[in-house]
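As structure tokens, the structure follows; a few thoughts come after it.
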Amino acid sequence: DRKVEFRTIQLLSSHSECGRCYAIMLSKSAAARMSSKVLALARIQPGKNYNVRRSQDLTYSHFAELTWKWWCKTNGIEFVLLNKPLGDAQFQALPPTFQRWLALEKLLSEYGSNARVALVDADTMVRWDTPDFFAIAGFEFAVVRDWFATWAFDSIRAYQHFFPEVNVPWWDYFNTGLTLLSRCHLKITEALTKFALAHSVELGRVSSPWGFGDDQTLLNFIVRREKLPILFLEPAYNVLQCFPVLPEIVRLEKLARVPDEEDLKTRLFDGPPSFVEMGYVWHFNNLVWARTVAMEETWRQISHHYPGAN
């Protein structure tokens, strides 16, 4: 659509490198662009020194993989599982949340420089009838706003001293559970991973009882510092905190204990979960120790919509 392309060029004009990149891409045929879509799900096992507040059990990611792999196959999109450490020994010492950003360069090398890449968190599931968000994003940097305002505000404040001249409005803070990228954004992902390496010790000191996140807030700062245009997708493409934060579950999460499975199902699943109707991508980011039970039960209730998923 020429109007969409013109709008995109206008958006990218303030970011000269990305504008040049997009101009080159426009010379490619539409068919070639449509065939170069890759979705990568990061399931990299944390190292020994990873944040002990977080469970290192990635069993829940199996249910994410079942939905994403099926959706990609149905929509003609390449599915890639990132299940091995990325980068050299230095990078592999970083949390997997940082390592995954090295995948953009790797995937562009494997699938072509004009490929469009989506990175999704391992604690997300995709609804069977989700539209092709690659068609919406084009070659833009596309994400969804994070609506958890108080957490976003606190996280921004916790990392602000690393970027004293950069402003990240909490109302425009984005979540990276679904992030769409292209080769225009190699500069951004490289800046993030290099920053993490250079400041690994200082970053390790940024902590709170409930956590301020790892890569996400830093990427928010770097994207603003580089004045990269952001395409905000509708909230339906990253429905955050699928379940209510019940006091008993919060207590168990803070104690880093896995709740009783049957009790948890009773508390969380009083009939079909509403988030299934609310949006396309479900993000189980407010559960850590209870995540596997929640995602497994969700899969049990919806699996009939994914015929042949395995």
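Worth saying up front: this structure is predicted, and the values here are computed from it rather than measured.
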- prompt: Would F141 and F232 count as a close aromatic pair, with their ring centres under 6.0 Å?
  reply: no
query: Between atom CZ of F98 and atom CG of D214, what is the distance when rounded to the nearest 0.5 Å?
result: 5.5 Å
message: Between R225 and F221, is there a side-chain heavy-atom distance shorter than 4.5 Å?
response: no
message: Given 3.5 Å as the limit, does a donor-acceptor pair link the side chain of N83 with the main chain of R43, or not?
response: no
- prompt: Looking at S182 and L104, what are the two nearest heavy atoms and their distance?
  reply: O-CD2, 3.7 Å
- request: Could you grab the distance from atom OG of S303 to atom CZ of F63, nearest 0.5 Å is fine?
  value: 10.5 Å
query: Are a donor atom and an acceptor atom from the side chains of T217 and Y173 found within less than 3.5 Å of each other?
result: yes
message: Apply ring pair (Phe, Tyr, Trp, His ring centres under 6.0 Å) to residues F162 and F195 and explain how you reach the verdict.
response: CA-CA 10 Å; F162 290 107; F195 185 91; 5.7 Å; yes
Electrostatic pair E78:K37 at N-O distance under 4.0 angstrom: no
- prompt: Any idea which heavy atoms bring P273 and Q301 closest together, and the distance?
  reply: CD-OE1, 3.4 Å
- request: Would you indicate whether the side-chain heavy atoms of F139 and L181 approach each other to under 4.5 Å?
  value: no
message: Both conditions, 6.0 Å and 45 degrees, for the charged tip of R291 above the ring of Y60: are they met here?
response: yes
message: If I compare all heavy atoms of A122 with all of A42, which pair ends up nearest, and what's the gap?
response: CB-O, 3.2 Å
- prompt: Between L218 and L192, which heavy-atom pair has the shortest distance, and what is it?
  reply: CB-CD1, 3.7 Å
field: Separation between CZ of R116 and CG of L39, rounded to the nearest 0.5 Å
entry: 12.5 Å
- line: Besides L240, the hydrophobic cluster formed by Ile, Leu, Val, Met, Phe, Trp and Tyr side chains linked at under 4.5 Å, directly or via other members, contains W147
field: L228 and H185, any side-chain heavy atoms less than 4.5 Å apart
entry: yes
- prompt: Would one find more than 12 heavy atoms of other residues, nucleotides or ligands at under 6.0 Å from atom CD of E105?
  reply: no
- request: Examine distances only and state if a side-chain atom of N75 and a backbone atom of I77 form a donor-acceptor pair shorter than 3.5 Å.
  value: no
- prompt: Does the Q99 side chain pair with the main chain of I44, one donor and one acceptor, at a distance under 3.5 Å?
  reply: no
query: To the nearest 0.5 Å, how far apart are CZ in R100 and CG in D215?
result: 4.5 Å
task: Decide side chain to side chain contact (heavy atoms under 4.5 Å, CB included) for S113 and L108; before the verdict, give the C-alpha distance in whole Å, the side-chain angles of both, and the deciding distance to 0.1 Å.
output: CA-CA 5 Å; S113 60; L108 290 173; 5.6 Å; no
- request: Mind running side chain to side chain contact (heavy atoms under 4.5 Å, CB included) on E140 and L180 for me, showing each step along the way?
  value: CA-CA 7 Å; E140 296 184 54; L180 287 118; over 6 Å; no
task: May I have the step-by-step check of side chain to side chain contact (heavy atoms under 4.5 Å, CB included) for T176 and L119, ending in yes or no?
output: CA-CA 8 Å; T176 56; L119 292 183; over 6 Å; no
query: Is there a side-chain contact between F163 and I222, using heavy atoms and a 4.5 Å cut-off?
result: yes
field: Atom pair CG (N238) and CG (D146), whose distance is rounded to the nearest 0.5 Å
entry: 7.5 Å
message: Under 6.0 Å between ring centres: does that hold for F284 and F275?
response: yes
- prompt: Counting heavy atoms not belonging to E202, are there more than 12 under 6.0 Å from its CD?
  reply: yes
message: For a side-chain hydrogen bond (donor to acceptor under 3.5 Å, both in side chains) check, start with the C-alpha distance between T124 and W68, then their side-chain angles and the critical distance, and finish with the verdict.
response: CA-CA 9 Å; T124 62; W68 282 113; 3.0 Å; yes
- prompt: Does atom CD of E110 have more than 12 heavy-atom neighbours from other groups under 6.0 Å away?
  reply: yes
- prompt: Heavy atoms, side chains only, cut-off 4.5 Å: are I302 and V276 in contact?
  reply: yes
Side-chain donor or acceptor of T74 paired with backbone N/O of W70 under 3.5 Å: yes
query: Near Q160 CD, under 6.0 Å, is it more than 12 heavy atoms from other residues, nucleotides or ligands?
result: yes
- request: Carefully, step by step, assess V38 and V80 under the rule side chain to side chain contact (heavy atoms under 4.5 Å, CB included).
  value: CA-CA 7 Å; V38 184; V80 176; 3.8 Å; yes
statement: Test side chain to side chain donor-acceptor pair (under 3.5 Å), reference Q216, set D121, N175, T97, output is N175
message: On a heavy-atom basis, which atom in A196 and which in L94 lie closest, and how many Å separate them?
response: O-CD2, 3.8 Å
query: Heavy-atom distance under 4.5 Å between the side chains of W282 and C242, does that happen here?
result: yes
- request: Flag the pair W299 / H62 as yes when at least one side-chain heavy-atom distance between them is below 4.5 Å, and no otherwise.
  value: no
- prompt: K73 versus F79: any side-chain heavy-atom pair under 4.5 Å?
  reply: no
message: Could you check whether any side-chain N or O of D172 sits under 3.5 Å from a backbone N or O of W170, counting only pairs where one atom can act as donor and the other as acceptor?
response: no
statement: When every non-hydrogen atom of W71 is compared with those of P131, the smallest separation belongs to CZ2-O, 3.5 Å
query: Would R300 and E296 satisfy salt bridge (charged side-chain N to carboxylate O under 4.0 Å, His left out), going step by step from the backbone distance to the final call?
result: CA-CA 6 Å; R300 190 188 68 79; E296 182 177 16; over 6 Å; no
- request: Could you tell me the separation between the OH atom of Y306 and the CH2 atom of W128, rounded to the nearest 0.5 Å?
  value: 5.5 Å
